[in-house]
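Shown next, in C-alpha cells, is the structure this report addresses.
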Amino acid sequence: MPTIKDVAKMAGVSVATVSRVINNSGYVNEVTKKRVEQAISQLNYRPNNVARSLFHGRSQMIALLVPDIMNPFFPELARAVEDFAKLNDYTFVLCNTDDDPEKEMHYIYALEQKSVDGIIVVSSTVTEKSLQGIHVPIVALDRIVSAKLPSITVKNRDGARQAVKYLKQLGCKRIAHICGPDNVSNTKERLGGYIDEVKNEEWFLSSYVVSGDYQYDKAMDATKNLLKSHPEVDGIFVANDLMGVGVLKAAQELGLKVPEDIQIIGFDGISLGEKITPSITTMKQPIYEMGTRAAQLLIQQINEPNQQVQHEKYEVTLVKRESTK
C-alpha cells in the first residue's frame, strides 16, 4: 500500500506538506496543493485514520449501543443515527449488547480506547457509577440512564394512558398488560400509565400484568398463560410492537379472533406492525426523529463539551389499525 512518503516523493514535496494538505491545516499554495492531490489520486493513497485522529484529537467516529438487534425498533433507530452521522462526516459503528452489562462496558471501554468521539446508548443496565472514568460524550436514547447524561425519550406514561383509554372507548371491559423487563425505565413508565387507568376499576387484578421481556417468544408464552387463566380478558395493552406480534399469534393459536374477541394495542410504531395480518394498532414513537436528534445532540456535545445536560421527551401518536375495532 502507498504511504505518505510515496505521495511526498511523487509530488516533490515534504511529508509535512502532504500532511498539511490532507488535514487542511497550515498554508500550502494552490499549485503545490494540486500536485499533492494528483499524487494522492494516482497512488490511490488513503490516509491513516488513526494517525489523523491523533493529529486532530478526533476520530470522526460515533457508536450506537443497542440491546437487541433482532427487535426491528433498533435497526430503524440505527438508520436515523447513521444517516445523520454520514451527513456530518462521521463514521458510524453499531454494537449489539444483548442487554448484558459486562458486554456493554466491554464495548464502551474498547470504543474509548479506539478514540471514538462519542457514544449513544440504549441500555437498561448501564449506570452512572459504571460510567465513572469514561471520558467520551454519551447520550442516552429511548431509556434514561442518569440525570447527568443527556437523553432522548418519549412520554411513555402519557402514551400508555392513551392506549388504555382507547381500549376502554372501544368497549373493552377487562384490559391486561404485557410489560417489558423490570429494570428498564420505559417499562416502568408504560406500566405506570396502564396502572393509572385501571387501578380504580372493580375488575382489575394484579395478575392481569405479566412480563414479556420485550421479546416475541416470551410475550407469546406469557399471553397464552394469561388468557388461559383469565379468559375474560378482552383487551391487551402491549409495551412494544414486537411483543404485540407475539400476543397476536398467541391469541390466534388459542382460537380467538382479533379484534372481534380480543383487541390489541402496542407501542413503538415499527414497520413490522403494519405488515402483519391483522395489522397492529399502536402508540407510535417518532423513531427516525429520535435517532436523528440523539446523533445531533451527541455531535453538539463532542464539539462543545460544556453544554448543559438536556433531557428531551417526544409525544407519541395513536395509529389505528386492524387489531382494534
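One is the number of the first residue; the rest follow in order along the sequence. This is a predicted model, so every value here is computed, not measured.
Atom CD1 of residue Ile236 and atom CZ of residue Arg174 lie 14.5 Å apart, to the nearest 0.5 angstrom. Distance check: Met243 CE to Tyr214 OH gives 6.5 Å after rounding to the nearest 0.5 Å. Note that SG of Cys95 is 9.5 Å distant from CD1 of Ile108, once rounded to the nearest 0.5 Å. Note that OG of Ser323 is 10.5 Å distant from CD1 of Ile262, once rounded to the nearest 0.5 Å. Distance CD1/Ile175 to CG/Leu167: 5.0 Å, rounded to 0.5 Å. Atom OG in Ser115 sits 9.0 Å away from atom CE in Met61 (nearest 0.5 Å).
Look at Arg161 and Glu189 and you find no salt bridge, because none of the NZ, NE, NH1 or NH2 atoms lies under 4.0 Å from a carboxylate O. Ion pair Asp98/Lys103 flagged as a salt bridge, since at least one NZ, NE, NH1 or NH2 atom sits closer than 4.0 Å to an Asp/Glu carboxylate oxygen. Contact check on Lys284 versus Asp268 returns no salt bridge, with no Lys/Arg side-chain nitrogen under 4.0 Å from an Asp/Glu carboxylate oxygen.
When the shell of 6.0 Å around CD of Glu260 is examined, it contains more than 12 heavy atoms from other residues, nucleotides or ligands. By the 6.0 Å contact criterion, NZ on Lys168 is enclosed, its count of non-hydrogen atoms from other residues, nucleotides or ligands being greater than 12. Counting heavy-atom neighbours within 6.0 Å of Asp261 CG, excluding the residue itself, gives a total above 12.
You'll find the side chain of Arg20 stays beyond 4.5 Å of the side chain of Tyr27, heavy atoms only. Residues Val116 and Val93 form no side-chain contact, since every pair of their non-hydrogen atoms from C-beta on lies 4.5 Å or further apart. Using a 4.5 Å cut-off on side-chain heavy atoms (C-beta onward), Ile302 and Ile62 make contact. Asp158 is not listed as a side-chain neighbour of Val316, based on a closest heavy-atom distance of 4.5 Å or more. Between Val66 and Leu94, some side-chain heavy-atom pair lies under the 4.5 Å cut-off. Using a 4.5 Å heavy-atom threshold, the side chains of Ser130 and Met105 count as touching.
Under a hydrophobic-cluster definition in which Ile, Leu, Val, Met, Phe, Trp and Tyr are linked whenever side-chain heavy atoms come within less than 4.5 Å, directly or via other members, Ile144 and Leu298 are assigned to different clusters. Val309 and Ile134 fall into different hydrophobic clusters, where Ile, Leu, Val, Met, Phe, Trp and Tyr are joined by side-chain heavy atoms under 4.5 Å apart, directly or via other members. Ile120 and Leu87 are members of different hydrophobic clusters when ILVMFWY side chains are connected at heavy-atom separations under 4.5 Å. Under a hydrophobic clustering in which Ile, Leu, Val, Met, Phe, Trp and Tyr are joined whenever their side-chain heavy atoms come within less than 4.5 Å, directly or via other members, Val319 and Ile264 fall into different clusters.
A donor-acceptor pair shorter than 3.5 Å can be found between the side chains of Glu104 and Ser123. Side-chain atoms of Asp142 and Asn186 form a donor-acceptor pair, as typed in the model, at a separation below 3.5 Å.
Residues passing the side-chain contact (heavy atoms from CB on, under 4.5 Å) test with Glu253 are Met220, Lys224, Lys249, sequence neighbours excluded. Among residues two or more places apart in sequence or in another chain, the side-chain hydrogen bond (donor to acceptor under 3.5 Å, both in side chains) test is passed with Lys188 by none. For Asp241, the side-chain hydrogen bond (donor to acceptor under 3.5 Å, both in side chains) partners two or more places apart in sequence, or in a different chain, are Thr282. Take Glu232 and apply the side-chain hydrogen bond (donor to acceptor under 3.5 Å, both in side chains) test, not counting sequence neighbours, and it matches Tyr208, His230. Asp213 pairs by the side-chain hydrogen bond (donor to acceptor under 3.5 Å, both in side chains) definition with Ser211, Lys218, not counting sequence neighbours. Partners of Gln301 by side-chain contact (heavy atoms from CB on, under 4.5 Å), not counting sequence neighbours, listed by chain and number: Pro137, Pro150, Gln307.
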Contacts under 3.5 angstrom, residues 71-83 side chains, donor-acceptor by atom type, not counting sequence neighbours:
residue : atom : partner : partner atom : Å
Asn71   : OD1  : Phe73   : N            : 3.0
Glu76   : OE2  : Ser271  : N            : 3.0
Glu76   : OE2  : Ser271  : OG           : 3.2
Arg79   : NE   : Asp83   : OD1          : 3.0
Arg79   : NE   : Asp83   : OD2          : 3.2
Asp83   : OD2  : Tyr288  : OH           : 2.6

Start with the C-alpha distance between Glu201 and Lys173, add both sets of side-chain angles, then the distance that settles salt bridge (Lys or Arg N to Asp or Glu O under 4.0 Å), and finish with yes or no. CA-CA 10 Å; Glu201 300 285 352; Lys173 303 298 183 184; over 6 Å; no

Worked verdict on Asp99 versus Ser124 for side-chain hydrogen bond (donor to acceptor under 3.5 Å, both in side chains): CA-CA 7 Å; Asp99 244 348; Ser124 53; 2.9 Å; yes

Check against side-chain contact (heavy atoms from CB on, under 4.5 Å), Leu65 and Ile119: CA-CA 8 Å; Leu65 273 61; Ile119 303 171; 3.8 Å; yes

Derivation and outcome, side-chain contact (heavy atoms from CB on, under 4.5 Å), residues Asn240 and Ile178: CA-CA 9 Å; Asn240 79 357; Ile178 310 297; over 6 Å; no

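Annotation: side chain to side chain donor-acceptor pair (under 3.5 Å) contacts involving residues 31-41, sequence neighbours excluded, comprise Asn29-Thr32. Listed by first and then second residue, the ring pair (Phe, Tyr, Trp, His ring centres under 6.0 Å) pairs involving residues 303-325 amount to none (not counting sequence neighbours). Sorted by first then second residue, the ring pair (Phe, Tyr, Trp, His ring centres under 6.0 Å) pairs that include residues 121-157, not counting sequence neighbours, number zero. Residue pairs meeting the salt bridge (charged side-chain N to carboxylate O under 4.0 Å, His left out) criterion with at least one partner in residues 307-316, sequence neighbours excluded, are Lys155-Glu315, Arg293-Glu312. Applying the ring pair (Phe, Tyr, Trp, His ring centres under 6.0 Å) test to pairs two or more places apart or on separate chains, those with a residue in residues 234-271 are His177-Phe237.
Contact record, Thr187 with Cys179: CG2-CB, 4.3 Å, taken as the closest heavy-atom pair.
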